[in-house]
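As structure tokens, the structure follows; a few thoughts come after it.
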Amino acid sequence: MTNMPVKPLAKSQPAESITDLPPLGLSPKDIKVDYKRHFNYTLGRDRHCKSAHYAYTSLALTVRDRLMERWKNTRYTVDESRCKQAYYLSMEFLLGRALGNAMLNLGITDSVTEGLYDLGIYLEELIEIEPDAGLGNGGLGRLAACFLDSCASLQLPVMGYGLRYEYGMFRQLIENGFQVEEPDHWLRNGNAWELERPELTVRVRFGGRTEKVTTDGGRTRVRWVDTHDILAVPFDMPVPGFKNDTVNTLRLWKSTATDEFDLDEFNEGDYPEAVAAKNKAEQISLVLYPNDASENGKELRLRQQYFLASASLQDVLRRWVWTRGHDFSQFAEQNCFQLNDTHPSIAVAELMRLLMDEHGLEWDEAWSITSRTMAYTNHTLLPEALEKWPVRLFEQLLPRILEIIYEINARFLAEVDQRWPGDMDRLARMSLIEEGGEKQVRMAYLAIVGSFSVNGVAALHSKLLREGLFRDFYELWPHKFNNKTNGITPRRWLAWSNPGLSELITNTIGEGWVTDTTQLQQLAPLAGDSQFQQRWQKIRQHNKQRLIDFVAEETGVVLPSNFMLDVQVKRIHEYKRQLLNALHVVHLYDRIKRGDIENWTPRAVIIGGKAAPGYQMAKKIIKLINNIAQVVNSDSATEGLLRLVFLPNYRVSAMEVICAGTDLSEQISTAGKEASGTGNMKFMMNGALTIGTLDGANIEILEEVGEDHFFLFGLTAEQVEQTRQNYHPESFIEGDEDFRRVMELLKNGHFNRFEPGIFDDVIGSIESPFDPWMTAADFRSYIEAQKKAAAMYRDQPRWVQSSILNTAMSGRFSSDRTIAEYNRDIWKLTPQG
Ligand code: 26Q
């Protein structure tokens with residue numbers, strides 16, 4: 001069917017198996033020998049080659065070799081056991097760097113360090129050569145990466161499916177305070193971590209039309225014809241578990257043109273058209289979409305989504321037929337697809353199509369399989385962020401899929417009508433098709449109807465989904481709804497990013513915490529121990545210096561080492577309220593200028609994050625932060641007291657340095673808007689204290705660590721909705737002298753002397769009675785919480801005690817716990833030891 005590029009070899013009976021090899025050694029000497037072999041033979045370099053790139057690649061290949069044998073063995077184990085498998089379908093996998101993680105999980109970091117040292121090479125230098133795999137926007141993409149790590153570490157048979165974007169998340173530069181985007185061509189220098197599998201290419205169809213045909217047996221079938229097909233070529237990435245010899249697979253699809261596609265056009269004598277067609281095919285996996293409302297409804301995005309869903313489902317079904325034949329009666333018992341938000345939710349309709357049109361099943365059987373196989377995770381509470389696609393686009397691009405969605409909807413609405421006879425409002429509310437104006441397909445509803453499980457990502461988020469966004473569906477199917485509070489992998493986010501603290505922890509309570517983070521609780525009794533506090537503080541101070549050096553390299557701003565490091569890093573979005581943070585900095589600046597500096601805690605406020613290229617307000621907020629930084633940092637009055645820096649190009653590898661060196665973690669979203677947050681967990685695990693609202697997973701963090709070790713402020717989600725009814729920001733401003741002065745500085749152009757008016761819209765948003773994020777309402781309580789943080793910081797033993805307790809109580813936020821819950825409640829897989 002597809003053009004398999006691999007022709008089998010004609011072979012006689014072999015005397016010996018080609019795959020029978022002794023395992024590769026892990027000693028420094030073994031590593032050194034292989035490193036040299038790759039440098040000299042695989043890469044063909046000589047002693048004149050001083051390029052760090054080749055040194056990095058030699059090491060990457062050396063480490064990869066050691067994954068390879070474990071990777072194959074994991075595959076054999078799963079194939080042979082015929083166990084149930086799960087598939088994590090996601091448009092994003094924000095992996096970051098692979099080398100350090102692979103070494104850590106193989107347990108060879110020391111061996112490699114030693115082997116390279118003999119060759120006069122520093123491991124830390126090579127680590128820095130690797131570009132981040134930035135195949136994601138933020139939390140949702142990084143969560144997928146943490147989940148893969150936990151699945152492998154728990155030896156669960158889970159495969160990731162995604163897209164192999166040629167261009168990942170854009171690189172952010174700051175020019176004159178403005179964000180400038182640069183393309184991220186991360187594959188330019190090759191990618192040692194991927195394995196192309198052309199023999200597993202599949203065909204994905206677009207366009208065309210459908211026709212009804214009657215088969216010999218007299219049954220009606222639908223054929224999807226005159227399609228324009230595109231090939232999906234898989235590239236596999238190894239996902240090593242922590243010291244357990246398991247290596248799972250992340251399969252990323254690259255789009256390419258079919259040969260006959262070229263040929264059709266070519267035969268008509270139009271060579272340039274043929275090449276252009278090839279281009280269009282290759283566009284599909286070209287670039288990651290930024291998380292941006294202005295990108296909604298773009299045809300290419302829908303093509304990407306269908307391409308991922310179709311290629312991945314075909315891949316799974318092909319393996320099923322290879323190993324089990326055409327009997328699908330056990331398919332739902334043996335397979336589960338976890339949908340990472342609605343982005344891959346078209347898989348519901350695509351699985352129906354494949355089962356019916358390609359494998360001959362009837363509707364009822366196909367539906368029974370599909371709706372027992374799909375599970376959907378929601379990641380947002382913002383109604384405007386719920387995905388919808390114009391029906392018109394479906395008609396053009398995926399006519400067969402639209403027919404199936406209509407049929408799903410008809411049967412679903414009949415069920416709703418059974419339960420609530422004659423309730424027309426409810427039917428209109430719940431329909432998969434939104435009427436009125438341009439007809440649209442509601443993807444979240446398709447995902448809910450087609451899934452046996454629907455989950456939110458923190459307790460509050462799941463509750464608000466049940467009560468708000470998905471209320472009607474909860475009433476109909478309460479049993480589908482559940483919560484899975486997010487988590488982060490302690491391997492990357494403590495063991496790797498914070499070797500100093502990791503060593504202290506391991507020396508104190510043993511190594512078990514790396515795979516069982518509840519053991520971190522054993523640190524709690526030491527929180528008040530002054531000797532332990534001193535050791536803790538010394539390591540944290542060292543980590544702070546690493547962060548200070550990093551900030552100096554990236555921005556040129558040198559922060560004094562006695563400053564409190566107060567950090568907010570995350571995507572720039574109004575609901576996350578970087579603006580509130582900026583208001584606090586202006587307030588501190590104002591205090592300094594007024595001479596109100598008694599008992600001052602010197603602090604550096606570090607803000608980092610990318611704004612979606614089309615999100616004008618977010619970009620304006622970046623500019624404002626940079627302008628405030630310029631004024632604050634160049635005023636001699638702030639010397640030794642206050643600094644503000646905007647840290648450009650926030651990314652996974654930056655967070656590895658940032659989370660270890662941060663004192664105060666800013667988690668200040670408007671309550672009820674941040675589904676979970678995961679950066680909050682990384683900071684906590686590394687011993688930062690949180691200043692935050694009762695939002696997302698902050699609530700659960702507060703529950704674990706207790707009010708004495710968390711700076712809580714702001715309205716609750718409920719109060720936010722109450723206050724919204726009649727919200728008057730000017731009363732908060734006018735009634736608060738500090739706030740009034742801050743607004744005055746902003747309005748009189750203190751931070752935009754030569755750029756008149758540029759911040760008018762930002763300032764206007766704070767003063768608007770319709771400000772959805774209600775920044776003004778939380779100003780005072782935020783300032784008070786910051787004061788408490790500053791006061792506690794001056795009492796270092798007290799602060800360090802809280803720091804230790806934060807790490808000690810962070811165990812719940814391991815993605816191992818999250819994945820164990822997904823497995824217990826949804827996937828029900830057997831670990832493959
Ligand atoms: C939408 C339309 C067109 C193109 C792209 C998109 C798009 C892309 C990415 C929409 C959303 C995203 C990503 C969302 C995201 O990262 N959400 C975060 O998920 C985390 C993991 O669950 C949560 O912790 C965060 O609270 C949530 O904001």
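Whatever order the structure lists them in is the order used to number ligands and atoms, beginning at 1.
- Between Arg164 and Glu194 there is a salt bridge, since a side-chain N of the basic residue sits under 4.0 Å from a carboxylate O of the acidic one.
- Between the side chains of Gln568 and Asn581, at least one donor N or O lies within less than 3.5 Å of an accepting N or O.
- Of the protein's heavy atoms, Asn291 CG, 3.7 Å lies nearest to atom 12 (C) of ligand 1.
- For the residue pair Ser255 / Glu282, no side-chain donor-acceptor distance below 3.5 Å is found, with atom types taken as modelled.
- On a distance-only criterion, Lys576 and ligand 1 share no N/O pair closer than 3.5 Å.
- Atoms of ligand 1 lying under 4.0 Å from any heavy atom of Gly139, numbered from 1 in the order shown and given with element: 16 (O), 19 (O), 20 (C), 21 (C).
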**Report entry** side-chain hydrogen bond (donor to acceptor under 3.5 Å, both in side chains) evaluation trace for Glu350 with Tyr306
**Finding:** CA-CA 8 Å; Glu350 175 64 0; Tyr306 181 67; 2.6 Å; yes
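- Residue contacts with ligand 1, taken as heavy atom pairs separated by less than 4.0 Å, do not involve Thr380 at all.
- Remark: ligand 1 atoms within the under-4.0 Å shell around heavy atoms of Pro290 are 4 (C), 5 (C).
- Checking each of Tyr88, Trp827, Tyr87 against Phe147 for a ring pair (Phe, Tyr, Trp, His ring centres under 6.0 Å) leaves exactly one that passes, namely Tyr88.
- Considering Glu674, Gln305, His461 only, the shortest heavy-atom separation from atom 25 (C) of ligand 1 involves Glu674.
- For the side chain to side chain donor-acceptor pair (under 3.5 Å) criterion with Tyr782, the lone passing option out of Glu666, His584, Arg577 is Glu666.
- For atom 6 (C) of ligand 1, the closest non-hydrogen atom of the protein is Arg301 NH2, 3.7 Å.
- Ranking the protein heavy atoms by distance from atom 24 (O) of ligand 1 puts Gly677 N, 2.8 Å first.
- When hydrogens are left out, the protein atom nearest atom 27 (C) of ligand 1 is His379 O, 3.6 Å; that is the closest non-hydrogen contact.
- Atoms of ligand 1 lying under 4.0 Å from any heavy atom of Asn137, numbered from 1 in the order shown and given with element: 8 (C), 9 (C).
- At least one N or O atom of Ser676 sits closer than 3.5 Å to an N or O atom of ligand 1.
- The shortest heavy-atom distance from Glu92 to ligand 1 is under 4.0 Å.
- For a threshold of 3.5 Å applied to N or O pairs, the pair formed by Tyr575 and ligand 1 contains at least one separation below that value.
- A side-chain donor from one of Asn137 and Arg571 sits under 3.5 Å from a side-chain acceptor of the other.
- Within ligand 1, counting atoms from 1 as listed, the ones closer than 4.0 Å to a heavy atom of Ala675 are 26 (O).
- Between atom CZ of residue Phe813 and atom OG1 of residue Thr517 there is a gap of 10.0 Å, rounded to the nearest 0.5 Å.
- Between the side chains of Asn680 and Lys682, no donor-acceptor pair is found at a separation under 3.5 Å.
- What sits closest to atom 18 (C) of ligand 1 on the protein, heavy atoms only, is Leu140 N, 4.0 Å.
- Between His343 and ligand 1 there is a heavy-atom distance shorter than 4.0 Å.
- With a 6.0 Å radius and a threshold of 12 heavy atoms from other residues, nucleotides or ligands, Glu467 has its CD atom above the threshold.
- In this structure, atom 2 (C) of ligand 1 lies nearest to the protein heavy atom Asn296 OD1, 3.1 Å.
- Going from atom CE of Met617 over to atom NZ of Lys620 covers 7.5 Å, rounded to the nearest 0.5 Å.
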